[in-house]
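Contents: one structure, followed by commentary.
Below, read A as the first sequence line, B as the second, and so on, with proteins coming before strands; counting in each chain starts at 1.
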Amino acid sequence: MQNIACASIEIIDKAGKTHIVCSGAWTIESLGALSGQFEHFHPTHELIWDLGAITAIDTAGVALWQNINESFQKQGYNPTIIHAKEEYIHLYNLLYSSPSNALTPPPLPSRLYRIGKAAYETYSGILAFIAFLGEAFILLFHTLRHPHLIRYRSIGAHILETGAKALPIIAISAFLIGVVVAYQSVVQLQKFGADIFIVDTIGISLTRELAPLITAIVVAGRSGSAFTAQIGTMKMTQEIDAMKTMGFDPFIFLVWPRVIALMIVMPLLIFFADMIGIFGGMVIAATQSHLSFSEFTHRLQGALALKHYLIGIIKGPFFAFLIAFVGTHRGFQVSMNTESIGQYTTKSVVNAIFLVIACDALFSVLLTELKL
Amino acid sequence: MSSTLIRVENVTTAFGNNIVHDHVSCTVRHNEIYALLGGSGSGKSTLMREMILLEHPNSGTIEIFGHDLSTITPQEAFELRRSWGVLFQSGALYSSLTVGENIALLYKEYTTLSPNLIDELIRLKINLVGLPPHAAFLYPSELSGGMIKRAALARALALDPKLLFLDEPTSGLDPLSARQFDELILQLRDLLGLTVVMVTHDLDTIHHIVDRFVLLGDKKAIAEGTVEEVLNVDHPIVDYFFQKGSYGITR
């Protein structure tokens, strides 16, 4: 490739006129040095553009020339142009033939407007979620009257995906929670010589509160986000529209199989987390306060009333319901750009975890008031 | 010949057992509008993807600006990528950026131009491709199909490339917009000295603005040249494409 001379400008005063001699290649690669050069130039004489020495010009070059020329015109000069090649004029005409409209960004709305908008969006978001639930239940009753519409295979597939495949991560999380609770309790209880109460602490706190909560959080992160991403992708590729036109209702085909699968799976996962969590506690009790496994289990039978365990399990379907509905609902909100899928997946997980914790708090207050 | 810009020689491509190109050759000359024509699945888009370094042929050579794409260094590849613009079939605008930001991105990354001049250039390019000025502030999801094509063309033209690749530029446009788009490409070729390589099905485009083209079919390059030259080739796929005898060209 030949060596390209950079764009340059020389100013020559000749016979009472200022010649602006342009030379070199006025192309995008070589314009950088030139763009600031005319900010402090104030002409005093009649101006003449001499374009004869320009070797090449592209749209960026024309735009720069136009910028400089306009600044002269604003100062009351009307430069004449000499030695301009015909192709430059053609290019100029192509770019500036239609009336120029300045690029003005739309004005930013006021702060008050933005607060109002955000509040209204939150309000309409809640309404939309309620409407989503309502539509889902209408279709649930419809399917219950026409049981052949129930998607058993789909439910089975989701049970495998959200339940069986979640076992390893839930095992690790629950085991560690058991270890943590046992460890902290042992230290405190040993001060009072009440080591044996470690069994009560672990048994009750895990089965009643911690195992359901940790399971729900893992499931929200794992399956809630997957629901949003799956349905969001289908929305973007217009698969949902295709389903609707074929008469396959998205609620029957996509929402309820996920919700029902998760509601079936969640209590089982909580039971699994109970077992592993208590085992984690047993390991720590054995190593830290020399409480053997058999002593631990013997004590557990007396300490852990059935109601604690049942309360923990009962929470499962409620948490599952919230996670699955938030996940699928957010999926349907995805719009036609790639960023929104990430946005709504994040929202889905955050909302699901918040709702799970709020629901857990409600249970806690309610059941305590009921003396359970 | 010195005016050869792209030289494709004996390119063979296969995806698994499915052979797409079987020793395909063609040449694109400087400053011409060249089309890759062929039925669905004839490998014309694949051939273009190989030219723009998105895919690699199994054997054969592709040379662009004298660089052999199979032995190109990363630095040369980078320079090559800067010297062409690509218009993808679905636009492929970055959906998280407005149209203006889509264009500005290239200026900000690759030039030292002042922000003022960048704004001016965005305005020019948007005007050039026939978009209204406020389109600069719209996101791709807010544009219609035709506007997306135009915005994507504006982005492809941002750095004043010498070589422009267009993947089905007129598909999805109404006939009038398609002709306007053709006219625009013709003007740009004449004024900016562009070489244009396009994948197209549009026979009107072939007749109106394309200088030379290659017809792909049966895994081979069946014919190459101007419309007249190709029509002289006796091959069922040529007959099929130009509907010889029924209506149209050979009245």
Side-chain angles (χ1 to χ4, degrees), chain A residues 1 6-7 25-39 56-71 85-108 236-237 334-343, chain B residues 65-67 76 79 82-83 92-101 103-104 106-107 110-128 130-143 148 154 157-162 184 187-188 190-194:
Chain A
M1 288 210 173
C6 270
W26 281 51
T27 52
I28 192 155
E29 302 89 9
S30 48
L31 281 179
L34 213 60
S35 51
Q37 206 174 317
F38 269 83
E39 273 165 27
I57 193 160
D58 62 9
T59 53
V62 173
L64 178 64
W65 182 86
Q66 170 74 3
N67 263 6
I68 300 171
N69 199 37
E70 262 179 8
S71 75
K85 288 181 194 152
E86 198 159 328
E87 57 197 84
Y88 304 166
I89 296 166
H90 280 307
L91 187 55
Y92 180 86
N93 287 341
L94 176 72
L95 294 174
Y96 288 98
S97 55
S98 47
S100 67
N101 300 296
L103 215 58
T104 44
L108 273 180
M236 280 180 69
T237 53
V334 168
S335 56
M336 288 303 270
N337 66 61
T338 46
E339 207 173 84
S340 76
I341 203 152
Q343 242 170 11
Chain B
F65 292 119
H67 295 291
E76 285 171 333
E79 278 163 21
R82 266 205 59 184
S83 66
L93 294 168
Y94 301 120
S95 56
S96 55
L97 303 176
T98 63
V99 171
E101 288 165 346
I103 302 170
L106 286 160
Y107 292 120
Y110 291 132
T111 69
T112 52
L113 302 178
S114 66
N116 261 345
L117 193 58
I118 291 178
D119 278 353
E120 169 79 1
L121 280 167
I122 292 168
R123 195 182 64 72
L124 281 182
K125 303 283 167 173
I126 283 175
N127 201 16
L128 188 63
L131 285 174
H134 70 263
F137 304 103
L138 297 179
Y139 285 92
S141 54
E142 298 168 312
L143 300 178
I148 286 178
L157 289 172
L159 292 176
D160 281 297
K162 288 285 159 249
L184 177 66
Q187 264 190 324
L188 292 172
D190 293 342
L191 291 170
L192 302 176
L194 290 178

Can you tell which part of D58(A) gets under 4.5 Å to a heavy atom of chain B, answering side chain, backbone, both or neither?
both

Could you tell me whether E79(B) and R82(B) make a salt bridge, using a distance below 4.0 angstrom between a side-chain N and a carboxylate O?
no

Value rounded to 0.5 Å, distance of OG1 in T112(B) from CD1 in I28(A):
9.5 Å

Which residues satisfy the ring-ring contact (aromatic ring centres under 6.0 Å, His included) test with Y92(A), sequence neighbours excluded?
W65(A), Y96(A)

Which residues pass the ring-ring contact (aromatic ring centres under 6.0 Å, His included) test with Y94(B), not counting sequence neighbours?
none

Check whether S96(B) gets within reach of chain A through its side chain, its backbone, both or neither, counting any heavy atom under 4.5 Å.
both

Using a cut-off of under 4.5 Å on heavy-atom pairs, state which of L121(B), L157(B), L159(B), L192(B) scores highest against chain A.
L121(B)

